[in-house]
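Since the structure comes first, as structure tokens, the remarks are kept for the end.
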Number of protein chains: 2
Amino acid sequence: MPEARAHPYHHGDLRAALVRAGYGLALDEGPQAVTLRAVTRRAGVSPTAAYRHFANVDQLRAAVGMRALGALAGVIEAHQAALPAAHRARPRDLLTAVGDGYIAYALDNPNGFRTGLFGLLDMGHAELPEGAGDGGRTPFQLLTDALAAAAAQGSLPPDSVSSAAVHCWSSVHGFASLALLGPLRGQARHELDALGRRLVRDVVAGVLGPAS
Amino acid sequence: MPEARAHPYHHGDLRAALVRAGYGLALDEGPQAVTLRAVTRRAGVSPTAAYRHFANVDQLRAAVGMRALGALAGVIEAHQAALPAAHRARPRDLLTAVGDGYIAYALDNPNGFRTGLFGLLDMGHAELPEGAGDGGRTPFQLLTDALAAAAAQGSLPPDSVSSAAVHCWSSVHGFASLALLGPLRGQARHELDALGRRLVRDVVAGVLGPAS
DNA sequence: CACGCGATGTTCACAGCGTCAACATTAGAG
DNA sequence: CTCTAATGTTGACGCTGTGAACATCGCGTG
């Protein structure tokens with residue numbers, strides 16, 4: 001088994017190792033710590049090695065951001081999976097879980113959230129598979145999936161799906177931003193949880209109509 | 001008039017000049033161009049001169065962000081001032097103007113918006129007077145003012161003002177984020193305008209009830 | 001099985017960045 | 001008028017991202 005070499009010249013899967021190192025750095029010290037040299041240092045490799053896998057530091061950061069997005073998708077999926085079995089097929093509950101999961105990830109993991117959702121100045125990546133969770137869907141796709149299910153069930157006009165998606169994401173993402181660095185920052189955690197739950201339910205009611 | 005010296009050793013009001021230079025740089029090349037050396041260069045001064053007015057580059061950036069916030073407040077005030085005289089005292093219209101102005105500034109001036117609203121990793125500044133427009137109110141204050149007026153008039157329970165503020169800002173700020181760098185980026189401008197107008201009116205209706 | 005070429009990683013170098021310490025200039029208080 | 005504190009400059013340091021040249025190695029070809 002030659003794989004156990006202390007420092008094999010060829011790493012094996014350096015790209016993945018760099019992204020992992022970058023994400024770790026982001027969680028530990030915040031997005032601004034994700035520097036090319038710091039990442040390669042943590043991966044135990046020379047700085048320029050990164051250039052075999054990324055054109056520049058921005059692409060490295062984008063990849064790290066994708067990983068954070070995937071983690072967010074995982075939390076959302078977990079919230080959906082945690083629904084009582086009887087509710088797991090209800091679009092309203094799926095949608096609520098998307099919002100709750102989104103906010104929970106942001107509040108539990110501010111550095112991760114900022115890494116995935118701020119910082120990357122062009123995130124056209126919201127639909128790329130790298131940002132997906134275990135279920136293979138990105139956070140934005142989980143949202144539109146829930147809305148599409150609601151439309152299929154008739155609780156939402158089909159041609160309102162996309163504007164409803166804008167509505168939902170705007171509210172929830174905006175809330176997370178405000179809670180992390182806006183005027184709400186500093187509010188006690190249970191306060192933010194309560195505000196967030198209320199916001200999500202209001203938004204869902206606004207989109208699907210009042211709960212039955 | 002000794003003030004007309006070509007390069008007086010003492011600048012006069014370097015702090016303001018630096019903030020102005022930084023804001024110009026941000027508008028021209030984006031927030032990431034606001035670097036200490038670039039700003040001092042544009043102001044025609046040595047790099048370390050900035051340290052007589054800012055403890056570090058982050059504080060310089062924060063000051064530039066405040067200026068952008070002030071510009072945003074100005075646009076909102078202009079939208080309110082542009083209301084037909086008969087509507088200018090209606091809380092509903094004032095509130096709508098806040099949302100429309102916010103979105104208009106973001107779409108018209110993406111670099112300015114990003115400078116003021118992203119980037120600065122801790123913006124506890126939302127209430128500081130430096131972020132105010134000509135009217136002396138920050139964007140967030142213009143929002144809460146409009147909501148307070150609505151409450152005073154009875155169209156909103158007084159104890160809902162703060163949660164309504166969260167609602168409104170979340171939606172509008174989230175929308176601007178999505179439009180500038182999220183999945184909506186790339187959409188045609190008139191599309192974004194239409195989506196934004198619709199969103200603002202829906203949000204206002206959600207907060208104050210359907211339009212009379 | 002040997003070879004060699006392309007992929008991957010390293011070394012060295014450079015310019016730009018933020019910041020500190022030491023120094024220069026000047027406005028304004030006494 | 002003088003001295004001091006405020007303000008601006010110079011020079012240096014270690015950090016950053018990145019390019020060019022070189023080293024090592026896996027793997028497909030002969």
Side-chain angles (χ1 to χ4, degrees), chain A residues 1-26 28-65 114-115 119-122, chain B residues 1-26 28-65 114-115 119-122:
Chain A
M1 297 195 281
E3 78 198 15
R5 289 259 305 278
H7 289 300
Y9 197 95
H10 281 2
H11 182 286
D13 191 0
L14 183 54
R15 185 193 158 94
L18 289 175
V19 174
R20 200 163 344 116
Y23 186 57
L25 224 31
D28 293 349
E29 313 177 30
Q32 80 290 344
V34 182
T35 193
L36 186 148
R37 289 180 111 105
V39 168
T40 51
R41 213 178 296 136
R42 183 180 271 222
V45 106
S46 75
T48 51
Y51 285 91
R52 303 301 171 189
H53 303 277
F54 301 95
N56 53 47
V57 68
D58 288 329
Q59 299 213 354
L60 207 199
R61 292 205 178 100
V64 172
R114 285 161 42 193
T115 302
L120 20 104
L121 290 190
D122 70 66
Chain B
M1 297 192 281
E3 78 198 16
R5 290 259 305 279
H7 289 299
Y9 197 96
H10 281 3
H11 182 287
D13 192 2
L14 184 53
R15 184 192 159 96
L18 290 174
V19 173
R20 200 164 344 116
Y23 186 58
L25 223 31
D28 293 347
E29 313 176 31
Q32 79 291 341
V34 182
T35 192
L36 186 145
R37 288 179 110 103
V39 169
T40 51
R41 212 178 297 134
R42 182 179 273 223
V45 106
S46 76
T48 49
Y51 285 91
R52 303 299 172 190
H53 303 276
F54 301 96
N56 52 47
V57 68
D58 288 328
Q59 299 213 355
L60 206 199
R61 291 206 178 98
V64 173
R114 285 160 46 195
T115 301
L120 20 102
L121 291 188
D122 71 66

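Lettering of chains follows the sequences in order, A, B, ..., and the numbering in each one begins at 1.
For residues 40-49 of chain A, the set of pairs meeting the salt bridge (charged side-chain N to carboxylate O under 4.0 Å, His left out) definition, not counting sequence neighbours, comprises Asp28(A)-Arg42(A). The stretch residues 43-58 of chain A participates, sequence neighbours left out, in no side chain to side chain donor-acceptor pair (under 3.5 Å) pair at all.
Distances shorter than 4.0 Å separate none of the side-chain N or O atoms of Thr35(A) from OP1 or OP2 on dC15(D).
Straight-line distance from the CG atom of Leu36(A) to the P atom of dT18(D): 7 Å, rounded to whole Å. The CZ atom of Phe54(A) sits 16 Å away from the C1' atom of dA7(C) (whole-angstrom rounding). Protein atom CD of Glu29(A) is 14 Å distant from nucleotide atom P of dC15(D), rounded to whole Å. The CZ-C1' distance, from Arg61(A) to dT16(D), rounds to 10 Å in whole Å. Regarding Tyr51(A), its OH atom lies at a distance of 13 Å from the C1' atom of dA20(D), rounded to whole Å. Regarding Asn56(A), its CG atom lies at a distance of 17 Å from the P atom of dT16(D), rounded to whole Å. Distance Leu60(A) CG to dT18(D) C1': 13 Å, rounded to the nearest Å.
Taking a 4.0 Å limit (strictly below) on heavy-atom distances, residues 16-24 of chain A does not reach DNA chain D anywhere.
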Measure all distances between protein nitrogen or oxygen atoms and nitrogen or oxygen atoms of nucleotides 9-16 of chain C, and list the pairs falling under 3.5 Å.
from	atom 1	to	atom 2	distance (Å)
dG9(C)	OP1	His11(A)	N	3.0
dG9(C)	OP2	His53(A)	NE2	2.7
dG9(C)	N7	Arg52(A)	NE	2.7
dG9(C)	N7	Arg52(A)	NH2	3.4
dG9(C)	O6	Arg52(A)	NH2	2.1
dG9(C)	N2	Tyr9(A)	OH	3.3
dG9(C)	N3	Tyr9(A)	OH	3.0
dT10(C)	OP2	Ser46(A)	N	2.7
dT10(C)	OP2	Ser46(A)	OG	2.8
dT11(C)	O4	Thr48(A)	OG1	2.6

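Here the shortest heavy-atom pairing between Ala33(A) and Ala38(A) reads O-CB, 3.8 Å.
No side-chain heavy atom of Tyr23(A) sits less than 4.5 Å from a side-chain heavy atom of Leu18(A).
With sequence neighbours excluded, no residue forms a salt bridge (Lys or Arg N to Asp or Glu O under 4.0 Å) with Asp13(B). Not counting sequence neighbours, the partners of Val34(B) by the side-chain contact (heavy atoms from CB on, under 4.5 Å) test are Ala26(B), Val39(B), Arg61(B), Val64(B).
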### Query
Does the pair Arg15(A) and Arg20(A) meet the rule for a side-chain contact (heavy atoms from CB on, under 4.5 Å), with working shown?
CA-CA 9 Å; Arg15(A) 185 193 158 94; Arg20(A) 200 163 344 116; over 6 Å; no
